[in-house]
Amino acid sequence: MTLTEPVTLTDELWAAVEPIYGRILDHPFLAGLTDGTLPRTAFRHFVVQDSHYLRDYARALAVCAAKAPGEDEVLAFCNDAVGAIAAEQEMHADFLHAFGEDGAAAAAEPVLPTTRAYTSYLLATVYGGSFAEALGAVLPCYWIYARVGEELLRRSSPDPLYAKWIAAYGGEEFQAVVRRVLDLTDRIGEDLSAGERRRVIEHFTTTSRYEWMFWDAAWQGETWPV
């Protein structure tokens, strides 16, 4: 009889979203980043909405810190929450400066439907669920961005603005952060019941879908219909 290694939680999670990830990689927004043809209006839409998103994502990470099982995890998620705010303030400010704008103008723009839906789901899950469920909900913003950044870094972009975005997520500093969260996910997964494991996978799959929707909203130039 051959003994097989137990399936880790991250293995199960990635298997659940592999088709979604494939759709993300094929999206014209990302293709436009790498070949430099993405309209600046679409990138600006993304940057403005991502600024709104990251403010609530930082709050979600802070709740993860509050629910975390150990001091190391509390500190790590607190640092990640600070990092999310720093990204919103620094990198996005640089991007907006390239458009001749400042952060105040972007902050005054409305939070659009996909951003509102994504952050509402995220915050409802982290506040209402267990630590494992909260981790499942916030994980795609780590993991999918790391995988996308890694893939796009091989191609980079002839547009310096887009190349800078790609380098931020494809670089080793961000990849190391994501590896730390994935290791934690597998440790947490060892003690989950079958029912909670299913809930974690459901939240992870849902927010992975929102990741695709977020890029698509920028590509489509989404607005409030009424």
Side-chain angles (χ1 to χ4, degrees), residues 7-36 38 42-43 46-47 49-50 53-54 57-58 60-61 64 76-77 79-81 83-84 87-88 91-92 95 114-115 118-119 121-122 125 132-157 159 161-189 197 200-219:
V7 176
T8 65
L9 180 54
T10 56
D11 286 339
E12 279 197 77
L13 290 171
W14 195 255
V17 303
E18 202 154 13
I20 299 169
Y21 178 66
R23 292 283 300 276
I24 287 170
L25 282 186
D26 289 341
H27 198 283
F29 185 98
L30 296 184
L33 277 177
T34 55
D35 65 17
L38 179 70
F43 189 67
F46 171 84
V47 169
Q49 292 305 305
D50 201 37
Y53 169 85
L54 285 173
Y57 188 67
L61 294 178
C64 287
F77 280 111
N79 286 335
D80 290 351
E88 187 268 321
M91 185 168 68
H92 288 172
F95 290 144
T114 296
T115 310
Y118 189 174
T119 58
Y121 181 87
L122 194 63
T125 302
E133 289 177 84
L135 185 57
V138 301
L139 185 56
C141 192
Y142 286 101
W143 199 1
I144 288 178
Y145 267 65
R147 293 290 294 264
V148 166
E150 190 176 41
E151 178 64 31
L152 269 54
L153 194 61
R154 299 189 185 105
R155 313 175 212 170
S156 191
S157 177
D159 187 310
L161 196 65
Y162 300 163
K164 181 177 181 179
W165 186 92
I166 291 168
Y169 293 103
E172 176 55 28
E173 183 178 358
F174 184 67
Q175 298 291 327
V177 169
V178 174
R179 286 195 295 271
R180 181 252 300 162
V181 179
L182 293 176
D183 288 345
L184 171 61
T185 302
D186 280 335
R187 293 199 306 274
I188 294 296
R197 206 171 172 109
V200 172
I201 294 169
E202 179 183 358
H203 293 313
F204 180 76
T205 303
T206 299
T207 51
S208 295
R209 289 182 170 125
Y210 275 124
E211 289 293 336
W212 181 93
M213 291 169 65
F214 200 89
W215 277 306
D216 191 62
W219 177 252

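We use all heavy atoms of the structure for the numbers below, so side chains are in, but hydrogens, waters and symmetry mates are not.
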Main-chain N/O of L33 paired to S157 side chain as donor or acceptor, under 3.5 Å: yes
Close side-chain approach of P140 and F204, heavy atoms under 4.5 Å: yes
Main-chain N/O of D11 paired to T8 side chain as donor or acceptor, under 3.5 Å: yes
Flag side-chain contact, heavy atom, 4.5 Å: H203 against L122: no
For I188 against A132, the heavy-atom pair lying closest together: CG2-CB, 3.8 Å
Residue pair D186 / L182, side-chain heavy-atom distance below 4.5 Å: no
Reported CD-to-CD1 distance for the pair E151 and I166, which is rounded to 0.5 angstrom: 10.5 Å
Separation of D80 CG from C141 SG (nearest 0.5 Å): 10.5 Å
T34 (side chain) donor-acceptor with A31 (main chain) under 3.5 angstrom: yes
Donor-acceptor pair between Q49 and T115 side chains, under 3.5 angstrom: yes
OG1-CH2 distance between T114 and W212, expressed to the nearest 0.5 angstrom: 9.0 Å
Main-chain N/O of G189 paired with R197 side-chain donor or acceptor, under 3.5 Å: yes
E172 atom CD: more than 12 heavy-atom contacts under 6.0 Å: yes
Heavy-atom side-chain proximity of I24 to V148 below 4.5 angstrom: yes
Parallel, tilted or perpendicular, as decided by the 30° and 60° cut-offs, for the rings of Y118 and F214: perpendicular
Check: T205 side chain, V17 main-chain N or O, donor-acceptor pair, under 3.5 Å: no
Check: L38 main-chain N/O paired with Y162 side-chain donor or acceptor under 3.5 Å: yes
Check: A137 main-chain N/O paired with Y121 side-chain donor or acceptor under 3.5 Å: no
Cation-pi geometry met for R147 and W14 (6.0 Å, 45°): yes
Distance, nearest 0.5 Å, that separates CG of L139 from OG1 of T207: 7.5 Å
Side chain to side chain, Y57 and V138, heavy atoms closer than 4.5 Å: yes
Nearest-0.5 Å distance, CG of residue D159 to CZ of residue F43: 8.0 Å
Q175 side-chain N/O to Y169 backbone N/O, donor-acceptor pair under 3.5 Å: yes
Aromatic ring pairing F77/Y142, orientation class (parallel under 30°, perpendicular over 60°, tilted between): perpendicular
Distance in Å, R187 CZ paired with L9 CG, rounded so as to fall on 0.5 Å steps: 12.5 Å
Parallel, tilted or perpendicular: rings of Y145 and F46 (30°, 60°): parallel
Closest contact, heavy atoms only, S208 versus I144: OG-CD1, 3.5 Å
Backbone of T125 reached by a side-chain donor or acceptor of E133 within 3.5 Å: no
E211 side chain reached by D216 side chain, heavy atoms, under 4.5 Å: no
Residue pair L13 / W143, side-chain heavy-atom distance below 4.5 Å: yes
